[in-house]
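Take this structure first; my questions come after.
First listed ligand is number 1; within each ligand, the first listed atom is number 1.
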Amino acid sequence: MELLDGKGLANQLKAELAEKVKALLAAGGRAPHLAAVLVGDNPASLSYVRNKVRSCEQSGFRSTLIQKDASVTEAELIEIIKGLNNDPEIDGFIVQLPLPRHINADNITLAIDPKKDVDGFHPVNFGRMAQGLSAYLPATPFGIMKMLERYNISTSGKHCVVLGRSNIVGTPISILMSRRGEPGNATVTLCHSRTKNLEEYTQKADILIVALGIPNFIKPEMIKEGVVIIDVGINRVEDASRKRGYRLVGDVDFENVASRCSYITPVPGGVGPMTVAALLLNTMESYQGKIYSGAS
Ligand code: GUN
């Protein structure tokens with residue numbers, strides 16, 4: 001079994017970006033600039049956004065954090081987005097999800113200029129991704145693809161089983177894994193809450209990508225010996241022995257499952273840091289005008 005060290009790989013990608021930024025500045029250019037909008041005080045979201053800001057600093061990017069009280073209206077938020085869309089100094093921005101219930105997240109996503117949508121959530125980017133055109137790939141799936149690529153894990157012709165069909169992880173990663181390319185060219189099965197006899201699928205997986213948000217859901221008897229497991233779950237479970245009162249666990253019962261895998265991502269330190277690195281890669285691509293440069 002080999003651990004997929006997302007933290008180490010993300011640090012390497014960020015160091016590579018920092019070198020690029022240094023060269024840009026030396027040539028008289030400006031640094032790439034990522035903005036994040038955070039609404040309310042959801043502790044997990046606060047922690048994710050802080051990580052994104054810290055990672056910008058590590059890579060020499062500029063970052064701007066716009067924090068709004070949970071009482072902000074949808075119209076006010078859309079005004080903020082319009083400002084960011086039109087600000088020539090901002091290369092890309094994200095609106096951290098989830099949003100308070102009174103705000104329609106779809107309206108927010110639709111208000112973002114696809115050219116600055118470094119989260120890859122806008123239907124224009126999603127559609128371009130699905131058709132194999134250049135697009136900002138959603139950060140978590142993009143981070144997973146980068147990890148498979150850098151670890152030289154072959155996916156072609158493999159059976160990839162994805163658990164979870166969210167717009168930000170399950171659905172896009174199932175598209176990317178089945179798309180022509182390497183990583184890609186996998187035979188993909190997408191399972192979700194209505195799937196019957198789930199084990200019949202998970203036991204057949206060569207590559208298992210789990211994005212359910214259910215702590216320790218995958219047990220050893222559910223998998224095949226030698227499987228590659230990508231655990232996207234980041235769940236807080238109470239732990240009185242920790243100073244902060246909780247610890248982070250994935251969707252996989254790591255302790256009992258890991259020894260049966262050929263590769264597995266730990267939680268924390270697996271997919272999470274790769275998501276942030278992928279967001280910075282997208283921001284650099286926006287800075288360089290890469291995604292929307294050609295006819296396609
Ligand atoms: N909430 C959970 N994951 C993400 C993400 O990748 N981007 C944003 N904006 N919000 C999230």
Side-chain angles (χ1 to χ4, degrees), residues 6 10 13 34-56 61 63-68 70 72 74 77-78 80-81 84-85 90-101 103-114 116-126 129 135-147 162 164-176 209-214 230-236 248 250-251 265 267-268 270-283 285-286:
L13 292 168
L34 173 71
V37 182
L38 176 63
V39 179
D41 55 5
N42 177 319
S45 292
L46 250 168
S47 155
Y48 296 151
V49 168
R50 281 201 192 118
N51 263 335
K52 290 170 187 177
V53 169
R54 196 176 323 123
S55 293
C56 280
F61 284 32
S63 67
T64 296
L65 174 58
I66 300 171
Q67 271 189 282
K68 288 283 153 189
V72 70
E74 188 173 308
L77 202 50
I78 287 177
I80 291 169
I81 291 170
L84 293 167
N85 285 340
I90 302 272
D91 298 295
F93 65 95
I94 64 151
V95 179
Q96 188 66 31
L97 303 177
L99 289 166
R101 250 174 237 238
I103 296 173
N104 180 327
D106 290 337
N107 291 343
I108 297 305
T109 301
L110 286 168
I112 298 173
D113 179 349
K116 293 195 176 185
D117 170 39
V118 286
D119 251 337
F121 291 173
H122 193 286
V124 165
N125 280 312
F126 201 97
M129 172 199 68
Y136 296 113
L137 304 182
T140 300
F142 186 21
I144 294 170
M145 298 300 274
K146 274 272 164 221
M147 187 146 67
V162 177
R165 56 179 158 182
S166 74
N167 282 341
I168 63 178
V169 185
T171 299
I173 194 68
S174 70
I175 293 169
L176 290 170
I209 303 179
V210 195
L212 294 171
I214 307 174
I230 308 291
D231 187 352
V232 185
I234 305 178
N235 308 291
R236 290 180 177 208
L248 295 178
D251 290 352
T265 57
V267 178
V271 172
M274 289 303 294
T275 296
V276 183
L279 181 66
L280 298 187
L281 289 172
N282 278 344
T283 306
E285 291 199 337
S286 175

- Non-neighbouring partners of Asp91 that pass salt bridge (Lys or Arg N to Asp or Glu O under 4.0 Å), sequence neighbours left out: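 So Asp91 forms a salt bridge (Lys or Arg N to Asp or Glu O under 4.0 Å) with Arg30.
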- Task: Spell out, as yes or no, whether a donor-acceptor pair under 3.5 Å connects the side chain of Asn282 to the backbone of Leu137.
- Result: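 Yes; judged by distance alone, with no hydrogens or angles, the pair exists.
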- Item | Residue pair Ile80 / Val37: nearest heavy atoms and the distance that separates them | CG2-CG2, 4.4 Å
- Query: Taking distance alone, with no angle check, do Leu97 and ligand 1 share an N/O pair under 3.5 Å?
  - Reply: yes
- Query: How many angstroms lie between NZ in Lys146 and CG in Leu281, if you round to the nearest 0.5 Å?
  - Reply: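 If we round to the nearest 0.5 Å, Lys146:NZ and Leu281:CG are 6.0 Å apart.
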- Query: Touching ligand 1 at all, Phe121? Heavy atoms, strictly under 4.0 Å?
  - Reply: yes
- Task: May I ask you to identify, for Asp119, whether its side chain, its backbone, both or neither come under 4.0 Å of ligand 1 on a heavy-atom basis?
- Result: side chain
- Item | Short side-chain to backbone donor-acceptor contact, Asn85 and Ala111, under 3.5 Å |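 Looks like yes, one N/O pair under 3.5 Å.
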- Item | Closest approach of any protein heavy atom to atom 3 (N) of ligand 1, naming residue and atom | Ile168 CD1, 3.7 Å
- Close N or O approach (Gln96, ligand 1; < 3.5 Å): yes
